[in-house]
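Report on the structure given below.
Side-chain atoms are counted along with the backbone in the values below, which use heavy atoms only and exclude waters and symmetry mates. A note on names: the letters A, B, ... follow the listed sequences, proteins ahead of strands, and every chain is numbered from 1.
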2 protein chains.
Amino acid sequence: MAYRSTERVKARLSASRERIVAAALEVMAGHGYAGCSVAAVAEHAGVATGSVYRHFPTKADLFAEVFRTASQREVDAVARAAALRATVAEQVSAVIETFSGRALQSPRLAYALLAEPVDPAVDAERLVFRRAYAELIAGYVAAGVASGELPPQDPGLTATALVGALAEAMVGPLAAGVAGPSTIPSLIMFIHRALGVSP
Amino acid sequence: MAYRSTERVKARLSASRERIVAAALEVMAGHGYAGCSVAAVAEHAGVATGSVYRHFPTKADLFAEVFRTASQREVDAVARAAALRATVAEQVSAVIETFSGRALQSPRLAYALLAEPVDPAVDAERLVFRRAYAELIAGYVAAGVASGELPPQDPGLTATALVGALAEAMVGPLAAGVAGPSTIPSLIMFIHRALGVSP
DNA sequence: GCAAAGAGTGAATGATGGTTCAATCCTTGC
DNA sequence: GCAAGGATTGAACCATCATTCACTCTTTGC
């Protein structure tokens, strides 16, 4: 024998793989999913089109991972912000502020992650994204119910509905590129009422 | 001259056009937007593929009309149900019950109208659909605020958030084909709280 | 019945863009 | 240096449909 995969090569391979995912994310942030042909992503990553298929069996698999990565980053940021707060009311405010602040920072990406028409296989990943948010929030809601800060309710349903409300309220502003000054405070009020936070 | 469009022909044309729209709706209700190739729709309507283009310049135009028609029907049904009620609380309950009842009756169609990945040009029509719901609800909310039944709030934002919550809460059940027995009542409770309906 | 012109047809066309693969380049161990 | 194999390339391939168009069928007014 004369060739055997070595650490150095493995590292280069995984670096290359990551560069492709990062490039896909950047192209998506710049031109939406619609602008993400495999050729465009490959060029942005500085590899040949065919090389993408060394790492991902199909385009859908690549973008499933892109969505997973980006979603995780978003959920983590939101979770980190909420973890600093003590009451459910504050935690949920932090969720909304962080979510919408980040979305407005990269509206194209946020739109792609939330609502842009994508391949059905990638769409499935979107549901995971939304469920991750819902589960994060459901935890806070459940704690709030247990401590008596919130009235009795189904934390899962509350969280799901809350994610829907948040996403829907942001789609308009995302299309416009900015939110009106009262959008975020109004949304917080709405959601505090929905949770049953005592005034 | 020897041929001139006559009433009889005009009627046949518009009947044919309607049959195409109806066929598209049926195919969509059966196999989702994904199953709606122009050929499949044409066959279902009993016309040749090319004939579709006698009535619609592009597939996107056809489905824009399909979405518009179906959405109008849904919004009308919801509006009719809500109009029979006196208080905002009852009106909104009627909206939720009618919306989710109809969605669960034709889950494939509801999924296509609400969330399935479609051509971006058709997606635009979806926003109109959601805005129509939001405006209907905003009217009730505004009236409730004016009469003092609801606390002060931005009716437009409340309605938008409410539509998002409703849609999101239904996506899971639609995928499963049924809603858990407590989904609808829980959702009504959530939304009553969100509106600030006094208990 | 007939000529004119619109309506209807459906196989062929064409655009798009994901996927493949023969050729080439690198890396490895000796 | 070299042979064995893996990695990389990117132009060619191909599948999918939306769209077209040359042709046929109907309708119309005379």
Side-chain donor-acceptor pairs under 3.5 Å in residues 178-196 of chain B, sequence neighbours left out?
| residue | atom | partner | partner atom | Å |
| --- | --- | --- | --- | --- |
| B/Thr183 | OG1 | B/Gly180 | N | 3.3 |
| B/Thr183 | OG1 | B/Gly180 | O | 3.2 |
| B/Ser186 | OG | B/Ser182 | O | 2.8 |
| B/His192 | NE2 | B/Ala89 | O | 2.9 |
| B/His192 | NE2 | B/Ser93 | OG | 3.1 |
| B/Arg193 | NE | A/Ala194 | O | 2.6 |
| B/Arg193 | NH2 | A/Gln153 | OE1 | 2.9 |
| B/Arg193 | NH2 | A/Ala194 | O | 3.0 |

Carboxylate-amine/guanidinium contact A/Arg130 A/Glu125, below 4.0 Å: no
In whole Å, what is the span from the [atom1] atom of [X] to the [atom2] atom of [N]?
X        : N      : atom1 : atom2 : answer
A/Phe56  : C/dT20 : CZ    : P     : 15 Å
A/Leu13  : C/dT28 : CG    : P     : 11 Å
A/Lys10  : D/dA7  : NZ    : P     : 11 Å
A/Tyr33  : C/dG18 : OH    : P     : 7 Å
A/Asp119 : D/dT16 : CG    : C1'   : 14 Å
B/Glu43  : C/dG10 : CD    : P     : 11 Å
B/Arg54  : D/dA22 : CZ    : C1'   : 12 Å

Distance test, side-chain N/O of B/Arg12 to OP1/OP2 of C/dG8, below 4.0 Å: yes
Near-strand residues of residues 14-24 of chain A, defined as heavy-atom separation under 4.0 angstrom from DNA chain D: none
A/Arg17 and A/Glu65, any side-chain heavy atoms less than 4.5 Å apart: yes
Within residues 70-91 of chain B or reaching into it, pairs that qualify as salt bridge (charged side-chain N to carboxylate O under 4.0 Å, His left out) - sequence neighbours excluded: B/Glu74-B/Arg102
Just list the side-chain donor-acceptor pairs under 3.5 Å for residues 32-57 of chain A, sequence neighbours left out, or say none.
| residue | atom | partner | partner atom | Å |
| --- | --- | --- | --- | --- |
| A/Ser37 | OG | A/Ala40 | N | 3.1 |
| A/His44 | NE2 | A/Glu26 | OE1 | 2.7 |
| A/His55 | NE2 | A/Ser16 | OG | 3.4 |

Residues which pass salt bridge (Lys or Arg N to Asp or Glu O under 4.0 Å) with B/Glu149, listed by chain and number, not counting sequence neighbours: none
Where do N or O atoms of nucleotides 17-19 of chain D meet protein N or O atoms at under 3.5 Å, pair by pair?
| residue | atom | partner | partner atom | Å |
| --- | --- | --- | --- | --- |
| D/dA18 | OP1 | B/Lys59 | NZ | 2.4 |
| D/dA18 | OP2 | B/Val38 | N | 2.9 |
| D/dT19 | OP2 | B/Tyr53 | OH | 2.8 |
| D/dT19 | OP2 | B/Lys59 | N | 2.7 |

Residue B/Ser51, side-chain atoms from C-beta onward, closest of D/dT9, C/dG10, C/dG8: C/dG8
Set of side chain to side chain contact (heavy atoms under 4.5 Å, CB included) partners for A/Ala79, sequence neighbours left out: A/Leu136
Partner set under ring pair (Phe, Tyr, Trp, His ring centres under 6.0 Å) for B/Tyr133, not counting sequence neighbours: B/Phe99, B/Phe129
side-chain hydrogen bond (donor to acceptor under 3.5 Å, both in side chains) involving A/Arg108 - partner list, sequence neighbours excluded: none
